[in-house]
Structures are given as C-alpha cells and as structure tokens.
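To start, the structure itself, in structure tokens.
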Amino acid sequence: MIYFDNSATTFVSEGVRAKIVELTEDSLSANPGALHKLGTKAFSLYDSIRKETADILGAKTEEIFFTSCATESANTAIKGYMSRNKRAGNAVISTRTEHKATLECLDYLADLGYEIRYVKVGPDGKPDTDSLKEELGKGGVALACFTLVNNETGSVLPFESIAKTIKSVSPSTAIYLDCVQALGKMPVNLSALGVDMCSFSGHKIHSIKGNGVLYVRKGVRIDPLILGGGQQDGMRSGTQSPVLAGAFLEALKEVSTGIEESAEKIGEINSYLRKELSARGAMILSPDDALPYVLNVSFEGFESETMLHCLEIYDIYVSTVSACSAKQKKVSYVLLEMGVDRKIAANAVRLSFSRENTMDEAKEFIKCVDMIYDQFLVK
Ligand code: PLP
C-alpha cells in the first residue's frame, strides 16, 4: 500500500497507540474533576499533559485548551471572539481559500449581520498585499482569519509580513491562524508567531481522531462555544480526557523532532515527483515554494475521481479535493480562487505525504501512473 493522503488524515503512530493503552489504566481513569485521590491523580496527569503541550508549542499552560478537533477549535475561536468583542468592529477579513472549518464560521457570522471581507489570493495561493491593505483600510476589522499551510496546495502563508501589514493598518485586529497542516512539518512557536488564536488537529499528526487543540493568547477574551461544568477554565466544558490529550501530546512530541530532516527527505520526494509527472504531461498546481508535504497535480485526460480510483487499483491512496468536500464531488474552490482553469482543476489530485513516506514509494507511484496512462488514457 502507498498512502499519499496524509493531509486528509494520518495513521496512528506506535507511540500513540502505546500511550493510549497506558493512559486507559483504571488508576488513571477517574474523573479529573472528582475530589477523591483518584480524581486528583487524573487531574494532575491532565494538567501535566497540558503544560508539556504548551511548552512544545511555545505557549503558556493557561493558553492551551483541548478540543475534539480543529473544526471545534476554529468554531470556538472565530465565533467566540466575535461574540465577546462586539465593540472591536463588525468586520472579519479572510480569504476564500480557507478550510471549510473557517469558511462556514464566516458564513454563520455573515448571517448574523457581520461583514466578511475576502482578500484576493494570487496564483501562488498567498493573500495579495494590496487587497489586504484595501480591506483593512475600510476599517472596523475585528478579526483576521488565515491558514499557515493550505491543505489542498501546501501554499505557505507569509505570516510575518501579513501580521506586519495587519498591525500597521489596523493594530486592534486580532489574528486567528489555522495551523493544522503546518504542525510537525515546519517549526511552530506560538509566542514567536505573535498570533491571538490558533487551531491544531491531532489526527493530522499521527494521533487518533477526536482530539484537537485551541490556543488563545493570554489576555484575549472569547466566549466559549461549549457550556457546561466549566472545565478547562470555562473555555471548553466537558469532562477532560487525559487519554485524548495524552495522545495529542505523544504525537506532538514525535513530530516535533527531526522537522528539518523530514522536510528535506519529503522535499526530495516532492522534487522527484514534480519532475517525473511534468515529464509525462501532468500539470503541477502546487506553487513552487509550497510546503513539500502537499503536491497538487492535474492529470490531463483523467477527471480527479477517475485518477483516484485508477490509483486505488494499485493500492495507492490520494485525494481529490479536501476530504471534507470530496463526497460533494465539487471542483476545488481553492484552485479556482487561485485562478486555475476549471477544466484543469477538475482533473486535480492531491498527493500528501507524511514523514513516513519514502522515495521507493514515489518511484512505485510513477510506475503505476505509467501503467494507468497505458491502460486507460484515451488517445
Ligand atoms: N484546517 C485544515 C487546514 C485542515 O486541513 C483540516 C482538516 O482537513 C481542518 C482544519 C479540520 O480539522 P479536523 O478534522 O481536526 O476538524
């Protein structure tokens, strides 16, 4: 099997599996809110996991909240910020290339009467600076929502210059950053980034599904999305799960080592595939300076889904558009927004790698593409 669908989800690492078994022991399984000593033990375990997670992400312990997924983190950050900070302004800026977790929150806010202003992106998927300045310059921007690494193309946000522009034109605008596809693939240090809110997802870094993280910078006030028993400082009610938090931490520790070496290895695989696929007439849609972990390619003569199923015959797994939209059989809105022709976008396939992928797999992939061209391409 060749699994090139790691932006959709990753396989659970051995370390995470072992950690889950360890953390589901009876002696660690009491309710962290219980007053007896088993409860105290579960709470201190949970708290130490939170602290270690914060340390690795370059945050303070009280800035880290465990959620069920990055979608929940995004909903909490975006809706919660706008709900709590009504006097900060009525507008939100973003791009139309964000993940649905952000775009749907923005549609929700638009229905409530907020003004959503979309900044144009260039062919490289990056927000256009003039468009950004123009939208900020109209005033009243409470929140800016961007993504550090695009899940469909690997396009990397030039965060430093974007943040600088935001702070120079509209200093009071808060910044929410989706870091889901960046984590473990490039260094992410939250205090150095200088962002107000961030989301992360466990299942994209070899943890199990069902765990995410929300970062809220100290001093930033947001309304919680989930109300209840007041756990996690009232930010996210619901009985805390040391197992899920611990699974996230274990995965985070694993992907936080050897980031550069892995990026170099995946960079070589990416370059090889770009060269070989281009030589066969395929069109590379990921920008040249994209993160190497994502490679978006359009195969002339094959609709996206046809190529996906052809590759599946050879036990190779890829995506068409992002996993959330794939079942709706839509052409990628991300590619269209970048100015890619609809016919080319309709043939786009996303290969996405994890640090576990190898050059041998890439070579095997090319051999299979050749066989698919021989067998199925109508000349
Ligand atoms: N943001 C990006 C960039 C993603 O790729 C994804 C998942 O595809 C999400 C957010 C949502 O993550 P989750 O599945 O944890 O809700």
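Hydrogens, waters and symmetry mates play no part in the numbers below; they use all other heavy atoms, side chains included. None of the values given here were measured: they were computed from a predicted structure. Start at 1 and go down the list; that is how both ligands and their atoms are numbered.
Remark: side-chain polar atoms of N357 are paired, donor with acceptor, to backbone N or O of Y3 under 3.5 angstrom. When atom types are taken as modelled, the side chain of S332 and the backbone of V334 share a donor-acceptor pair closer than 3.5 angstrom. Checked by atom type and distance alone, the side chain of Q240 never pairs as donor or acceptor with a backbone atom of Q231 at under 3.5 Å. R355 contributes no side-chain N or O that, together with a main-chain N or O of E261, makes up a donor-acceptor pair within less than 3.5 Å. Y314 places no side-chain N or O within 3.5 Å of a backbone atom of I316 that could act as its donor or acceptor partner.
For atom 2 (C) of ligand 1, the choice among T147, T67, V294, D178 with the nearest heavy atom turns out to be D178. Nearest residue to atom 14 (O) of ligand 1 from H203, E72, K100, H99 is H203 (criterion: closest heavy atom).
Residue K204 places at least one N or O, backbone or side chain, under 3.5 Å from an N or O of ligand 1. Considering backbone and side-chain atoms alike, A70 places an N or O below 3.5 Å from some N or O of ligand 1.
Within the 6.0 Å centre-distance limit, the rings of F365 and F4 are counted as a close aromatic pair.
Residue contact check for ligand 1: K209 places no non-hydrogen atom closer than 4.0 Å to it. The closest approach between E98 and ligand 1 stays at or above 4.0 Å for every heavy atom of the residue.
Geometric assessment of K100 against the ring of Y333 yields a positive cation-pi assignment under the 6.0 Å and 45° thresholds.
Of all the atoms in ligand 1, the ones that sit under 4.0 Å from a non-hydrogen atom of Q181 are 3 (C), 4 (C), 5 (O). Proximity to S201 (heavy-atom distance under 4.0 Å) selects the following atoms of ligand 1: 13 (P), 15 (O). Of all atoms in ligand 1, numbered sequentially from 1 with element shown, those under 4.0 Å from a heavy atom of C69 are 13 (P), 15 (O), 16 (O).
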